[in-house]
There are 2 protein chains.
Amino acid sequence: MPLPFDVLAEPSRRKILDLLLERPRLVGELTEQLGLSQPGTSKHLRVLREAGLVRVRQEAQRRWYELRPEPLAELDAWLAHYRHLWSGSLDALERHLDATEDDPR
Amino acid sequence: MPLPFDVLAEPSRRKILDLLLERPRLVGELTEQLGLSQPGTSKHLRVLREAGLVRVRQEAQRRWYELRPEPLAELDAWLAHYRHLWSGSLDALERHLDATEDDPR
DNA sequence: TCGATGCATTCCCTTGCGGTTATATAACTC
DNA sequence: GAGTTATATAACCGCAAGGGAATGCATCGA
C-alpha cells in the first residue's frame, strides 16, 4: 500500500475523513456536509476506498462509510523518520518505545 | 501555514526531503540524485520553500538547501486526531504525555 | 409492477501540475 | 572584461484530476 499523500492532498477527502472520525456516515450525509454534487462525493469515496482509507457496509440501498486507519498508520511511520527534528525532550523516550514495542508487521 | 499534503504528494519532493534528512545539499546534488533536469529540481525546491519545508543558505553561486521540519510537525498534529485508532496499548501513555507536555505554541 | 430512493458510473470540460528546453541572473575565475 | 559555473525563471506542452450533468443500477415501498 503506497503512502496516501496524494489521496489526502484533496481537501474534500480530508474533510470526509474528519467526518468519519466521529461516526460512520451515508453518502447523502457526506454530500450535504461537503457541498458537492452526489457524484462528486462518490468519486472521492472511490479514491478513498481504493487507498484503503475507508470501507463500506451496505444496508439495502444505503451505504455506510467508515474509517480504515491503516494507511494513516503508515503515514505515521513515514513521519517517524523526521520526528526527532522537532520532538525535543521526548526524543529519548520515543526511541525507547520504538525499540521495545512488538514488531507490528 | 496550511497542511503540506499537496506538496508531499509529489514523489520527487519526498525524495528531496529524504536526501535533506541526511545533510544539506546543493541543487546540483539533488538534481543528480533525482534524475530530473536542473530546472525541474529548482521548481520542486521552490514549492518546498514556499511551503516552509526547506530553507536556503546562499554561498557564492551555490545554494545549500536544508530541511525545515515545522510543517511536518503540523502534519503530525493533524495525524494525532486519528492516532488512537491504531496506537493500541500505548494510547494511555501518549495521552498522558500530550496532556502534560508544555504547550508548544 | 411501478415509482421513488440511494448511490455508482459515464461523459465532458476545464484547470493545474510536472516535465522539458531555452533563457536570464549572479558570482566566481582568469 | 570574458568565459564559466550554479541556479532561477519563462515559455510551452501533455496529461491527469476534480467538477457537474446525465444516466445506470439496485432496492425499497405501495
Side-chain angles (χ1 to χ4, degrees), chain A residues 1-20 22-68 71 75 78, chain B residues 1-20 22-68 71 75 78:
Chain A
M1 185 99 58
L3 289 170
F5 279 113
D6 51 338
V7 176
L8 298 172
E10 230 292 317
S12 294
R13 290 198 282 262
R14 288 203 300 277
K15 183 156 185 181
I16 289 176
L17 294 190
D18 284 344
L19 291 166
L20 296 185
E22 301 177 14
R23 53 183 162 80
R25 312 249 186 178
L26 298 172
V27 177
E29 234 179 308
L30 295 170
T31 297
E32 187 180 353
Q33 296 292 323
L34 293 173
L36 286 181
S37 66
Q38 175 267 311
T41 303
S42 277
K43 280 173 41 171
H44 284 308
L45 287 171
R46 189 221 263 255
V47 174
L48 289 168
R49 242 186 295 128
E50 292 175 347
L53 282 160
V54 301
R55 55 194 302 268
V56 204
R57 196 163 36 88
Q58 189 159 358
E59 172 190 301
Q61 337 89 296
R62 303 175 178 179
R63 315 226 171 160
W64 292 97
Y65 275 86
E66 54 188 61
L67 213 48
R68 263 196 84 239
L75 214 175
W78 180 86
Chain B
M1 187 98 59
L3 289 170
F5 280 111
D6 53 337
V7 176
L8 298 172
E10 231 291 318
S12 294
R13 288 198 285 262
R14 288 204 300 278
K15 184 156 184 182
I16 288 175
L17 295 190
D18 283 346
L19 291 166
L20 296 185
E22 301 177 14
R23 52 183 162 82
R25 311 250 188 179
L26 297 172
V27 178
E29 234 181 311
L30 294 171
T31 297
E32 188 181 353
Q33 294 294 322
L34 294 172
L36 286 182
S37 65
Q38 175 266 313
T41 304
S42 277
K43 278 173 42 168
H44 284 309
L45 287 170
R46 189 222 263 256
V47 173
L48 289 168
R49 242 185 295 129
E50 291 174 349
L53 281 159
V54 301
R55 55 194 300 270
V56 205
R57 197 164 34 87
Q58 188 158 359
E59 173 190 302
Q61 335 89 298
R62 302 177 178 177
R63 314 224 172 163
W64 292 96
Y65 275 85
E66 52 188 63
L67 213 46
R68 262 196 83 239
L75 214 175
W78 179 87

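Note on naming: letters A, B, ... go to the chains in the order of the sequence lines (proteins, then strands), and numbering restarts at 1 for each one. Owing to the predicted nature of the structure, the values given are computational and were not obtained by experimental measurement.
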**Study point:** Check: B/V54 and B/L17 side chains under 4.5 Å, non-hydrogen atoms
**Key:** yes
Practice item. Compare all side-chain heavy atoms of A/R63 with those of A/L45 and state whether any distance is below 4.5 angstrom. Key: no
Point to revise | Residue that, paired with B/P71, satisfies side chain to side chain contact (heavy atoms under 4.5 Å, CB included) out of B/L53, B/L48, B/L8 | key: B/L53
Euclidean distance, atom [atom1] of residue [X] to atom [atom2] of [N] [Å, nearest integer]:
X	N	atom1	atom2	value
A/Q61	D/dT27	CD	P	9 Å
A/R25	C/dG6	CZ	P	17 Å
A/L48	C/dA8	CG	C1'	15 Å
A/Q38	D/dA22	CD	P	14 Å
B/K15	C/dG19	NZ	P	12 Å
B/R63	C/dA26	CZ	P	10 Å
B/R57	D/dA6	CZ	P	17 Å
A/R62	D/dT27	CZ	C1'	11 Å

Point to revise | Check: B/W64 main-chain N/O paired with B/R57 side-chain donor or acceptor under 3.5 Å | key: no
Exercise for review: Examine distances only and state if a side-chain atom of B/R13 and a backbone atom of B/V7 form a donor-acceptor pair shorter than 3.5 Å.
Suggested key: yes
Revision key, fill the gap. Letter by letter from the 5' end, nucleotides 10-21 of chain D scores (B base, S sugar-phosphate only, - none; protein heavy atoms under 4.0 Å) -B------SBBB
Review point. For DNA chain D, whose closest nucleotide is more 5', that of A/A60 or that of B/T41?
Key: B/T41
Study note, to complete from the structure: Between A/Q58 and B/E29, the residue closer to the 5' end of DNA chain D by nearest nucleotide is B/E29
Check your understanding: Are B/Y65 and D/dA8 close enough that a side-chain N or O sits under 4.0 Å from OP1 or OP2?
Key -> yes
Point to revise | Distance in Å, B/L26 CG paired with B/Y65 OH, rounded so as to fall on 0.5 Å steps | key: 10.5 Å
Point to revise | B/R23/B/E29 ion pair, N-O < 4.0 Å | key: yes
